[in-house]
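Convention: sequence-line order gives letters A, B, ...; per-chain numbering from 1.
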Amino acid sequence: MSLIISFRSEILKSKRTAAFYFTLIGAAVIPFILLINIIADGLPGEGRASKDPINAMFKLSSDMTGLALFPLFIVLICTLLPQIEFKNSTWKQVLTSPQKKEDVFVAKFLNIHLLMILFLVASHLFIWVVVIASHFILPQFNILNHSFDASKVLQENVHTYLSCLGICAVQFWIGLRSRNFIVPIAIGLTLWLFGTVLVLEYHSSASPYFPYCFPAIRFSSLFSPRLNQVEWTSFGYSFLFLVIGFIDFRRRRKLK
Amino acid sequence: MNNPVIKTNALSYYYSAQEKTLSEINLQVERGSIYGFLGPNGSGKTTTLSLILGLLDSPDGSIEIFGQHLHSNRIGVLKKIGSLIESPSLYAHLTAKENLNVYRAVYGASKARVEEVLHIVGLGDTGKKTVKKFSLGMKQRLSIALALLPDPELLILDEPSNGLDPAGIIELRELIKRLNREHGMTIVISSHLLGEVEKMVSHVGIILKGKMLFQGTLSDLQSFQRKGARLLINTSDNEKAFELLRDHQPEKAEENVSIAFHDLQQVANITRILTQHALDVYLVCPQKNDLEQLFIDLTSSQS
């Protein structure tokens with residue numbers, strides 16, 4: 001019950017914040033690019049897209065989201081949410097209110113996950129808008145009469161979400177530690193770039209063990225068979241860094 | 001005698017091994033009192049209050065609030081405390097009501113209580129205006145509303161008049177007196193200006209460089225003040241006056257003679273002695289020694 005109260009308090013705080021607007025804007029980026037592409041050049045990847053246009057559009061969106069946009073969104077959101085307290089000097093008010101420190105910590109982490117899920121849901125709603133728009137922009141394809149593989153889309157999203165759990169916990173910890181806005185973002189962007197290059201360019205055998213490599217794993221023919229194991233590792237990292245982050249949060253003398 | 005609401009026993013704190021910020025602070029705040037916690041900037045007031053509220057960990061000594069150790073029942077104790085530490089702690093992107101709603105459920109307060117505290121601090125009509133558009137005084141008042149939200153038994157206000165204009169300071173003073181009188185709230189209010197709080201406090205603690213210099217009721221402080229008061233005398237022959245007043249243990253103070261001041265009858269007696277011995281009396285003046293001066297004397301003599 002006390003966790004629910006703390007979680008509700010965190011949700012109220014994120015109302016009208018950059019983090020909230022960024023979630024919606026970020027979710028609209030790929031659908032917007034797709035729409036521009038459809039208006040300018042027709043359906044992307046004519047061959048498959050013309051036969052199975054709805055699933056092709058969702059696949060394209062899911063690939064771009066899973067590889068780049070979602071990990072980068074997590075890096076930003078894990079910085080923006082703790083910044084609400086730093087920027088407003090409100091840590092002291094939070095910590096002198098009758099809330100358990102573990103509730104405060106977990107509620108903040110859950111709020112990040114809520115925004116992550118909102119991002120994925122909003123992204124798919126926007127894709128549906130693009131699908132409907134493209135039905136009228138390209139009437140010759142009769143797009144809305146084609147099938148939609150919802151289970152495949154859901155599966156892709158679960159992979160995207162699970163492979164980013166490790167990054168989320170690490171970035172959350174860094175975001176809680178850092179008063180400075182730039183440092184956690186710089187660390188996150190650098191490590192994500194490093195991890196992506198490690199998987200897709202160097203095919204490094206260390207890739208399945210480094211959390212910033214995980215989002216790119218399913219796009220590598222070499223490592224994608226190990227996706228299941230990687231997702232468990234991602235979950236393990238999430239748990240580990242959540243515990244480390246909480247110990248650090250409790251131990252730190254002065255957050256304000 | 002009332003049980004103290006706050007009692008610290010030999011409270012000491014180190015920010016680093018070399019830097020002892022607080023040294024054996026024995027703070028005692030009686031139930032129903034308004035306790036003025038005074039000291040110059042950097043004297044350790046905020047550190048003491050932060051320790052009491054559990055914002056800082058691992059002090060030496062002990063802290064009891066409502067007769068309990070904070071860490072033995074942190075949530076239960078904090079539910080009964082409203083606090084404002086240093087600058088206002090508010091979410092700038094939210095309205096006044098939204099800021100209070102963030103903590104409403106945490107304190108188990110009703111929606112009506114939110115309206116009530118906004119009304120108490122005079123912010124009931126700010127509507128959709130976000131806090132970033134508030135003046136510093138409005139932010140300070142909203143912080144006080146937030147501290148009042150749980151209808152606390154103990155209110156801790158660290159430098160609450162920062163940023164308030166003179167009218168705002170008077171309003172705040174009246175509000176604090178009213179909360180104490182009508183709701184029986186125990187209030188700890190820190191300040192670096194004695195003049196600002198002396199009109200409302202019942203008890204005073206003076207801290208300097210992490211050490212308590214004085215603690216007691218306001219009347220204790222006033223009698224302490226009277227003990228230190230001096231009477232300045234200037235006559236046509238100060239050497240002769242010095243001899244005539246030898247029973248009063250006079251001291252030479254620049255161009256004047258100074259003696260310990262007790263009461264106004266003493267002024268009349270001294271004037272009579274001097275005039276009876278044909279001295280022209282130019283000045284008989286109690287040396288400026290109000291509480292503010294005493295505070296400065298106390299703190300500067302220890303600096």
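Two residues are said to be in side-chain contact when any heavy atoms from C-beta on lie closer than 4.5 Å; B:Arg104 and A:Arg8 meet this criterion. Within the 4.5 Å cutoff, side-chain heavy atoms of B:His93 are placed close to those of A:Ile84. Inter-residue side-chain proximity for A:Pro98 and B:Val106 is flagged as met; some heavy-atom pair is nearer than 4.5 Å. Side-chain contact between B:Ile81 and A:Thr96 is absent, with no heavy-atom pair separated by less than 4.5 Å. With a 4.5 Å cut-off on side-chain heavy atoms, A:Glu85 and B:Ser89 do not count as touching.
For B:Leu90, the part lying near chain A is the backbone, with the side chain staying farther off; criterion is any non-hydrogen pair under 4.5 Å. When heavy atoms are compared at a cutoff of 4.5 Å, B:Pro88 approaches chain A solely by way of its backbone atoms N, CA, C and O. Heavy atoms of B:Thr130 lying under 4.5 Å from chain A belong exclusively to its side chain. Both the backbone and the side chain of A:Lys100 come within less than 4.5 Å of a heavy atom of chain B.
Chain B forms more heavy-atom pairs under 4.5 Å with one residue of A:Leu12, A:Thr90, A:Val94 than with any other, namely A:Thr90. Counting heavy-atom pairs closer than 4.5 Å to chain A, the top residue among B:Ser87, B:Pro150, B:Gly54, B:Ser143 is B:Ser87. Between chain A and the residues B:Leu146, B:Leu78, B:Val131, the largest count of heavy-atom pairs under 4.5 Å involves B:Leu78. With chain A as partner, the option from B:Tyr107, B:Tyr91, B:Tyr103 having the largest number of non-hydrogen pairs under 4.5 angstrom is B:Tyr91. Of the residues considered (A:Ile11, A:Asp103, A:Ile5), A:Ile5 shows the highest number of contacts with chain B, using heavy-atom pairs under 4.5 Å.
Under a cut-off of 6.0 angstrom, the local environment of CZ in A:Phe210 is crowded, with over 12 non-hydrogen atoms contributed by other residues, nucleotides or ligands. Within a 6.0 Å sphere centred on CH2 of A:Trp232, heavy atoms belonging to other residues, nucleotides or ligands number 12 at most. The neighbour count for A:Phe32 CZ, taken as heavy atoms of other residues, nucleotides or ligands under 6.0 Å away, does not exceed 12. Around atom CZ of A:Phe235, no more than 12 heavy atoms belonging to other residues, nucleotides or ligands sit under 6.0 Å away. In this structure, B:Lys97 places its NZ atom where only 12 or fewer heavy-atom neighbours from other residues, nucleotides or ligands lie under 6.0 Å away. Within a 6.0 Å sphere centred on NZ of B:Lys211, heavy atoms belonging to other residues, nucleotides or ligands number 12 at most. Heavy atoms of other residues, nucleotides or ligands lying less than 6.0 angstrom from NZ of B:Lys7 number 12 at most. Around the NZ atom of B:Lys80, the shell of radius 6.0 Å holds more than 12 heavy atoms that belong to other residues, nucleotides or ligands.
Within the model, atoms CD of A:Gln99 and CD1 of B:Ile75 stand 7.5 Å from one another, a figure rounded to the nearest 0.5 Å. With rounding to the nearest 0.5 Å, the separation of OG in B:Ser50 from NZ in A:Lys92 is 9.0 Å. Distance check, rounded to the nearest 0.5 Å: CG of B:Asn101 to NZ of A:Lys13 gives 13.5 Å. In this structure, CG in A:Asn88 is found 9.5 Å from NZ in B:Lys132, a value given to the nearest 0.5 Å.
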* Just do the salt bridge (Lys or Arg N to Asp or Glu O under 4.0 Å) check on A:Arg16 and B:Glu98 with the steps written out, would you? => CA-CA 11 Å; A:Arg16 287 202 298 275; B:Glu98 286 168 344; 2.4 Å; yes
